[in-house]
Amino acid sequence: MSVVAVVGGQWGDEGKGKVIDLLAERADFVIRSQGGDNAGHTVVNPMGEFALHLVPCGVFNPDSTCIIAPGVALNPAILLEEMDRLEQHGVSTRRLLLSDRTQVVMPYHLLLDRAFENHRADDPIGTTLRGIGPAYADKAARVGLRLGDLRNAATWEAKVQTAVERANRLLVAFGSGQRCDADEVVHDYRRHAERLQPMICDTAPVVAAAVARNAAILLEGAQGTLLDLDHGNYPYVTASSCTVAGLLQGAGIPPRAFSRAIGVYKAYSTRVGSGPLPTELLDATGDYIRERAHEFGATTGRARRVGWFDSVVSRYTIALNGFDAAALMRIDMLDELDSVKLCTAYELDGERLDLPPSNLDLHSRCKPVYEELPGWRESTRGATRFEDLPPAAISFVQRVEALLAVPVHLIGLGPERSEGIVRQPLWPSPTS
Ligand code: IMP
């Protein structure tokens with residue numbers, strides 16, 4: 001049928017889990033292409049409420065095959081825990097395939113993540129400390145271990161010994177008092193390997209066959225475009241490519257097979273960790289939105305920084321990804337406000353900017369230019385048609401659409417799969 005990507009248009013936590021869960025109902029394949037258990041997708045559907053970190057959201061659709069692709073950094077212990085939790089809630093994880101090319105997050109990556117953050121002292125990135133950055137650094141240095149290595153018991157031990165020795169040297173160099181024990185790692189990962197073995201395979205032929213037969217393939221984005229390693233607010237970014245192009249690369253899908261990109265945006269901004277957030281609300285309104293929307297990290301529990309919707313960065317992420325449609329999430333969190341602000345441009349040293357500066361110091365100095373819209377002061381929960389929304393909420397959505405120049409096809413009005421307004425089918429029609 002088609003290849004659809006769901007990608008975060010802001011700094012992650014936009015509500016992608018809900019959009020992916022909706023699309024996954026009709027997906028033959030759901031592929032996780034990048035990132036690791038630093039991601040946290042919250043899904044609320046008829047099977048319950050779940051915080052997924054690694055398992056693709058297609059797990060709730062018994063007809064869908066889930067793939068963890070080569071672009072992912074996978075912590076086996078976390079994956080197994082997550083699978084156990086799902087099984088305990090009656091969700092089968094039988095249709096999960098793991099690429100043998102996928103990088104393995106090792107215990108020393110977690111120790112190194114902390115050591116590197118401590119070394120940055122006054123200027124930490126604010127990572128999730130899940131070892132994701134160090135795992136991708138090893139991949140780029142060509143010293144990473146892959147799931148395929150885990151399958152080969154004869155060579156695994158020697159590879160771990162070498163890798164642990166290297167990591168321990170780094171821990172010493174970066175002043176960490178912690179060390180990794182190679183024997184313990186070999187032992188623990190042998191146990192993980194026994195359970196993961198049946199799922200590990202070369203997923204490339206599976207993906208190629210799915211593309212060839214026009215299957216409905218959903219690429220599940222993690223994090224958000226402004227956290228992308230190349231295009232985000234470097235260095236306050238994650239270590240993978242979170243854009244549409246990054247998802248295609250991580251999954252091994254030819255760009256020619258691609259059909260549609262859906263950008264997910266929240267009706268306001270949030271960010272966890274350091275880096276510019278020009279519309280940040282350091283006042284009672286920010287605290288109110290954080291509490292009402294429970295804006296605390298699904299992975300780390302950290303309080304998220306909150307700000308108004310920023311169309312300057314959104315324009316940038318739309319240009320980068322070429323989104324065909326947007327999903328505008330969590331509008332109901334603004335239901336009680338007297339007025340709502342939208343950042344339409346930045347002002348920097350007397351100049352008006354429509355796109356964010358690439359230089360982070362300049363970005364941090366930008367002053368948002370706001371448009372203030374009246375609030376709707378009534379609940380939007382339960383609305384299923386656009387025209388049923390309060391007039392002020394309709395104006396808000398229309399203004400966002402005009403600022404982004406991308407149609408909003410989905411409006412999120414609550415955590416449940418069914419809560420929201422689907423204005424246009426999310427999957428392209430077979431003829432389009
Ligand atoms: P790392 O990915 O753990 O290395 O963290 C790098 C930056 O990305 C930090 O600012 C994290 O808070 C942020 N980050 C990583 N994953 C997510 C996510 O899924 N949602 C939001 N922020 C994230």
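Computed from heavy atoms alone, side chains included, the values below leave out hydrogens, waters and symmetry copies. Atoms within a ligand are numbered from 1 in the order they appear, just like the ligands themselves.
- If you check which protein heavy atom lies closest to atom 2 (O) of ligand 1, you get Thr238 OG1, 2.5 Å.
- When the options Arg290, Arg305, Arg271, Arg330 are evaluated for a salt bridge (Lys or Arg N to Asp or Glu O under 4.0 Å) with Glu295, the one that passes is Arg330.
- Nearest protein heavy-atom contact of atom 19 (O) of ligand 1 is Ala39 CA, 3.3 Å.
- Within the listing of ligand 1, atoms 20 (N), 21 (C) sit less than 4.0 angstrom from a heavy atom of Asp13.
- For atom 13 (C) of ligand 1, the closest heavy atom belonging to the protein is Leu227 CD1, 3.8 Å.
- Within the 4.0 Å heavy-atom shell around ligand 1 one does not find Ala222.
- Proximity to Gly273 (heavy-atom distance under 4.0 Å) selects the following atoms of ligand 1: 10 (O).
- Every side chain to side chain contact (heavy atoms under 4.5 Å, CB included) that Leu281 has, sequence neighbours left out, goes to Asp283, Thr285, Ile289, Trp308.
- Atom 10 (O) of ligand 1 has as its closest protein heavy atom Val272 O, 3.0 Å.
- Val72 and Thr102 get closest at one heavy-atom pair: O-CG2, 3.3 Å.
- The Trp11 neighbourhood of ligand 1 comprises atoms 21 (C), 22 (N), with distances under 4.0 Å to a heavy atom of that residue.
- What sits closest to atom 7 (C) of ligand 1 on the protein, heavy atoms only, is Val237 O, 3.7 Å.
- Regarding atom 11 (C) of ligand 1, its nearest protein heavy-atom neighbour is Gly126 O, 3.6 Å.
- Atom 3 (O) of ligand 1 has Thr128 OG1, 2.6 Å as its closest protein atom, hydrogens excluded (heavy atom only).
- In terms of polar-atom proximity, defined here as any N/O pair under 3.5 Å, Gln223 does make such a contact with ligand 1.
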Go through His231 and Tyr316 one step at a time and tell me if the ring-ring contact (aromatic ring centres under 6.0 Å, His included) criterion holds. CA-CA 10 Å; His231 303 287; Tyr316 171 68; 7.3 Å; no
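- A side-chain donor-acceptor contact under 3.5 Å links Glu87 and Thr93.
- The heavy-atom pair separating Gly131 from Asp113 by the smallest distance is N-OD2, 2.8 Å.
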